[in-house]
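This chain uses plain numbering: 1 for the first residue, then up along the sequence.
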Amino acid sequence: MFIGFLGLGNMGGPMALNLLKAGHQLIVFDLSADAMARAVEAGASAADSPVAVARAPVELIITMLPAAIHVRQVYLGSQGLLNHVRPGVMLIDSSTIDPMSAREVAKAAQEHGNPMLDAPVSGGTGGAAAGTLTFMVGGSAADFDRAQPILATMGKNIVHCGDSGNGQVAKVANNMLLGISMIGVAEAMSLGVSLGMDPSVLAGVINTSSGRCWSSDTYNPYPGVLENAPASRGYSGGFGTDLMLKDLGLATEAAKQIRQPVILGALAQQLYQRFSADGHGGLDFSAIIQTYLRQQP
């Protein structure tokens with residue numbers, strides 16, 4: 001299949017490479033010359049603008065962009081995709097944005113004659129490189145079935161979440177819970193160690209008891225507990241604090257629009273906001289435990 005791909009960052013770049021490895025033909029665009037060069041070296045064709053991607057004889061266009069403002073510009077702007085792509089070309093947006101924006105863009109695409117799916121991902125940069133991402137997909141069942149083979153070249157868990165925007169709903173709800181649970185594990189681990197417990201022993205107890213969760217057994221924030229977790233490599237790599245802060249902001253803003261209380265989500269947002277403001281936005285989000293470790297005697 002001939003596919004257009006816009007957004008070759010830490011997630012989009014590896015996703016595009018997996019499409020090339022699967023034998024698809026790609027035309028790509030990104031503002032980064034280095035990212036473009038890597039994709040071209042792997043076999044992609046380079047476009048000089050989103051318009052050039054839209055005007056190519058592509059059957060599908062995938063976007064992976066930083067925020068809703070970029071998604072709106074790329075799809076709805078005067079030099080955006082919907083003003084230049086031919087009707088019938090499927091559109092898939094894998095950016096993480098708020099559900100309302102996703103639904104607005106999908107409605108505009110439908111009016112133009114283009115089926116569209118919102119398909120945000122989970123799995124991090126490692127999953128993007130390995131082709132093991134989870135895709136949370138919103139849109140019609142027929143469009144989902146049509147897109148599933150393509151998404152399966154980039155991920156191993158492809159979930160249809162319902163109508164347009166519901167992929168984003170699943171993503172922001174899941175990541176809000178992740179942010180909250182990581183703070184809970186950070187508090188518990190810090191308390192136990194402060195009271196004299198060995199961190200590895202405490203983690204073992206938690207992970208065989210009712211406190212067990214992904215943040216404790218797979219991504220424990222205490223240094224040295226899990227060899228492969230960011231906590232054991234200075235909180236480098238992984239999922240950045242500022243990315244978690246972005247997702248918590250999406251969750252709380254979506255909740256505000258429908259008057260749904262998210263009390264712990266809002267508190268988690270404030271804790272990550274303070275941590276980022278203190279200069280730690282580039283660290284993995286599990287570094288939030290430093291908020292508690294600094295207070296130990």
Quick check for you: to the nearest 0.5 Å, what is the distance between [X] atom [atom1] and [Y] atom [atom2]?
X: His160; Y: Asp143; atom1: NE2; atom2: CG; result: 8.5 Å
X: Met189; Y: Ser194; atom1: CE; atom2: OG; result: 10.5 Å
X: Leu20; Y: Gln25; atom1: CG; atom2: CD; result: 9.5 Å
X: Ser140; Y: Leu117; atom1: OG; atom2: CG; result: 6.5 Å
X: Ile92; Y: Ile150; atom1: CD1; atom2: CD1; result: 7.5 Å
X: Leu245; Y: Tyr272; atom1: CG; atom2: OH; result: 10.0 Å

Sequence neighbours left out, what passes side chain to side chain donor-acceptor pair (under 3.5 Å) with [X]? Give chain and number order.
X: Asp247; answer: Asn175
X: Ser122; answer: none
X: Arg212; answer: Asp217

Just to verify, what does Leu178 make a side chain to side chain contact (heavy atoms under 4.5 Å, CB included) with, not counting sequence neighbours? Ser181, Trp214, Ser215, Met244, Phe285
For Pro99, what residues pass the side chain to side chain contact (heavy atoms under 4.5 Å, CB included) criterion, not counting sequence neighbours? Arg103, Gln168, Val169, Ala254
Closer than 3.5 angstrom, by distance alone: can the side chain of [X] be matched with the main-chain N or O of [Y] as a donor-acceptor pair?
X: Lys246; Y: Thr96; result: yes
X: Asn174; Y: Ala170; result: no
X: Asp118; Y: Gly165; result: yes
X: Thr252; Y: Leu248; result: yes
X: Lys171; Y: Val121; result: yes
X: His24; Y: Met1; result: yes
X: Lys21; Y: Ala16; result: no
X: Asp163; Y: Gly139; result: no
X: Asn207; Y: Ala203; result: yes
X: Arg38; Y: Gly13; result: no

Step by step, would you call Ser95 with His70 a side-chain contact (heavy atoms from CB on, under 4.5 Å)? CA-CA 9 Å; Ser95 315; His70 306 103; over 6 Å; no
Got a sec: does the [atom1] of [X] have more than 12 other heavy atoms crowding it under 6.0 Å?
X: Asn10; atom1: CG; result: no
X: Gln73; atom1: CD; result: no
X: Leu195; atom1: CG; result: yes

When you check the side-chain N and O atoms of [X] and [Y], is any donor under 3.5 Å from an acceptor?
X: Asp284; Y: Tyr219; result: yes
X: Thr153; Y: Asn18; result: no
X: Ser232; Y: Glu227; result: no
X: Thr63; Y: Asp93; result: yes
X: Asp278; Y: His280; result: no

Any side-chain heavy atom of [X] sitting closer than 4.5 Å to one from [Y]?
X: Ile289; Y: Tyr222; value: yes
X: Pro230; Y: Arg233; value: yes
X: Met90; Y: Arg146; value: yes
X: Val193; Y: Leu293; value: no
X: Lys156; Y: Leu133; value: no
X: Ser94; Y: Met15; value: yes
X: Pro87; Y: His112; value: yes
X: Glu111; Y: Lys107; value: yes

With the 4.5 Å side-chain cut-off for hydrophobic clustering, are [X] and [Y] part of the same group?
X: Leu151; Y: Val159; answer: no
X: Leu26; Y: Val40; answer: no
X: Val172; Y: Leu243; answer: no
X: Met64; Y: Met136; answer: no
X: Leu177; Y: Leu271; answer: no

Testing the basics here: between [X] and [Y], what is the closest heavy-atom pair and its distance to 0.1 Å?
X: Gly224; Y: Ser200; value: O-OG, 4.3 Å
X: Ala229; Y: Asn220; value: CB-O, 4.0 Å
X: Gly167; Y: Cys161; value: N-CB, 4.1 Å

Candidate pair Leu19 and Ile62, rule side-chain contact (heavy atoms from CB on, under 4.5 Å), full reasoning: CA-CA 11 Å; Leu19 289 170; Ile62 300 172; 3.9 Å; yes
Quick one: hydrophobic cluster around Phe2, which other residues, with the 4.5 Å side-chain cut-off, linked directly or via members? Leu6, Ile27, Phe29, Leu31, Val53, Val58, Ile61, Leu65, Val71, Val74, Tyr75, Leu76, Leu81, Leu82, Val85, Val89, Leu91, Ile97, Val105, Met116
Between Gln290 and Tyr235, is a side-chain contact (heavy atoms from CB on, under 4.5 Å) present by the stated rule, with each step listed? CA-CA 10 Å; Gln290 293 180 359; Tyr235 301 100; 3.4 Å; yes
Please test Glu253 against Asp98 for side-chain contact (heavy atoms from CB on, under 4.5 Å), starting from the C-alpha separation and ending with a verdict. CA-CA 8 Å; Glu253 180 58 31; Asp98 63 279; 5.9 Å; no
